[in-house]
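Okay, structure first, notes after.
Throughout, protein chains are lettered first and strands after them, A, B, ... in sequence-line order, and every chain is numbered starting at 1.
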Number of protein chains: 2
Amino acid sequence: MFSIGELSKRTKVKVPTIRYYEEMGLLAAPERTEGNQRRYDVAGLERLSFIKHARDLGFSIEAISELIVLQGHPDRSCQAATDIAVSQLSEVRAKIKRLRALEKELVRISKGCDDEGVSENCYVLASLADHKLCHHDH
Amino acid sequence: MFSIGELSKRTKVKVPTIRYYEEMGLLAAPERTEGNQRRYDVAGLERLSFIKHARDLGFSIEAISELIVLQGHPDRSCQAATDIAVSQLSEVRAKIKRLRALEKELVRISKGCDDEGVSENCYVLASLADHKLCHHDH
DNA sequence: TGTAGTGTCTCTAGTTACTAGAGGTTCAAG
DNA sequence: CTTGAACCTCTAGTAACTAGAGACACTACA
């Protein structure tokens, strides 16, 4: 049995965040001491590790809730869980794509001033003011 | 002079968002009709286009505020504006890096079930439950 | 001039995933 | 038995909006 602080250290999830997950229904409410403090068992630790890992991979709280429900239904759970992971993957890929476009644009914009030695007219500000100066979509 | 709705159509910024920008001090409070409705001039339109463009490039409201201040100080503004753009660029690059790692991991996780035909033990769920199964940092 | 319908006004509250702080209680060590 | 760290609940704040309520304004048509 560990306290919330110990759980926090082991999982690297902050104490208020653990309480937040409990409130959101991701984490079952654990036993309490007589003095009303939370005491977790190994199952609680594993559950929180699962949540932490999924959050690190960018899954939303909602998606994690679904995954947790699936854990309780070994039949059919694999396909559904894979679907969630695949959809997460496509979101990640979409974000990467978008960020790459932004990266290109920002490289171009932030190089402007140095390259041309323009000082009275800032190329960064001009580029932001006038979308026509852009070379890419965004 | 255009109404808030017209401004919204021209800039593709939603009406409540325009009011929000005004409240946040990004956009000057425009003239009003006798009936208290906002009426914008070309300067307002240009300012909002600038904000929209910068937001699309991922600049925070705070960074945009700074850029707007810089627009009013043609001296020194170029270097400072470039600094903001460069810092935005490095944030974008950091995000891309992180997302690529997640992408790899998600590809691996979501392929697990199909590849090995495991059905009673879902690889997605197992991977999330046990970080040791990961091949990359995240 | 009347009226219908759309646009606009302000204000409050909700979103996501936490984080910070106040004010009070409990636990563990010495 | 006392001290100090850890814990408790509750409220409010973060970013950048979005949604909805209820009331008022503007425009076009008859």
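Heavy atoms from other residues, nucleotides or ligands lying under 6.0 Å from CD of A:E62 number 12 at most.
Close to D:dC17, at under 4.0 Å from its OP1 or OP2, lies a side-chain N or O of B:Y21. Contact annotation: B:R38 side-chain N/O to C:dC9 OP1/OP2 distance is under 4.0 Å. OP1 or OP2 of C:dT19 has at least one side-chain nitrogen or oxygen of A:K14 nearer than 4.0 Å. Residue B:R19 places at least one side-chain N or O closer than 4.0 Å to OP1 or OP2 of C:dC9.
Side-chain N or O atoms of B:S49 include one that pairs as donor or acceptor with a backbone N or O of B:L45 at under 3.5 Å. Listed for the B:Q88 side chain is a donor-acceptor partner under 3.5 Å among the backbone atoms of B:G58. Here the side chain of B:R47 pairs a donor or acceptor atom with the backbone of B:L26 at under 3.5 angstrom.
Rounded to an integer number of Å, the gap from CD of B:E34 to P of D:dC24 is 17 Å. At whole-Å resolution of the value, CD1 in A:I51 and C1' in C:dA17 are 13 Å apart. When the C1' atom of C:dT15 is taken as reference, atom CD of A:E23 falls 15 Å away, rounded to whole Å. Here C:dG14 presents its P atom at 18 Å from CD of A:E62, a figure rounded to the nearest Å. Taking atom CD1 on A:I18 and atom C1' on C:dA17, their separation rounds to 15 Å, with Å as the unit. A:M1 has its CE atom 12 Å from the P atom of C:dA28, to the nearest Å. To the nearest angstrom, P of D:dA15 lies 13 Å from CD1 of B:I64. Between the C1' atom of C:dT26 and the CD atom of A:E31 lies a distance of 17 Å, rounded to the nearest Å.
For B:S60, the side-chain atoms get nearest to D:dA16 when compared with the rest of D:dA16, D:dT18, D:dT9. Among D:dA25, D:dT18, D:dC8, the nucleotide with an atom closest to any side-chain atom of A:I4 is D:dC8. Counting only heavy atoms from C-beta on, B:R32 has its side chain closest to C:dT10 among D:dC26, C:dT10, C:dA17.
The nearest heavy atom of DNA chain C to A:Y20 and to A:T33 marks one nucleotide each, and the one closer to the 5' end goes with A:Y20. Between A:Q37 and B:I61, the residue anchored nearer the 5' end of DNA chain D, judged by the nucleotide with its closest heavy atom, is A:Q37. When each of B:F59 and A:G35 is assigned the nucleotide of DNA chain D with its nearest heavy atom, A:G35 is the one assigned upstream, toward the 5' end. Remark on DNA chain C: of its neighbouring residues A:P16 and B:S3, the 5'-side contact belongs to B:S3, judged by nearest-heavy-atom nucleotide.
Put simply, the side chain of B:V13 does not reach to within 4.5 Å of the side chain of B:I51, judged on heavy atoms.
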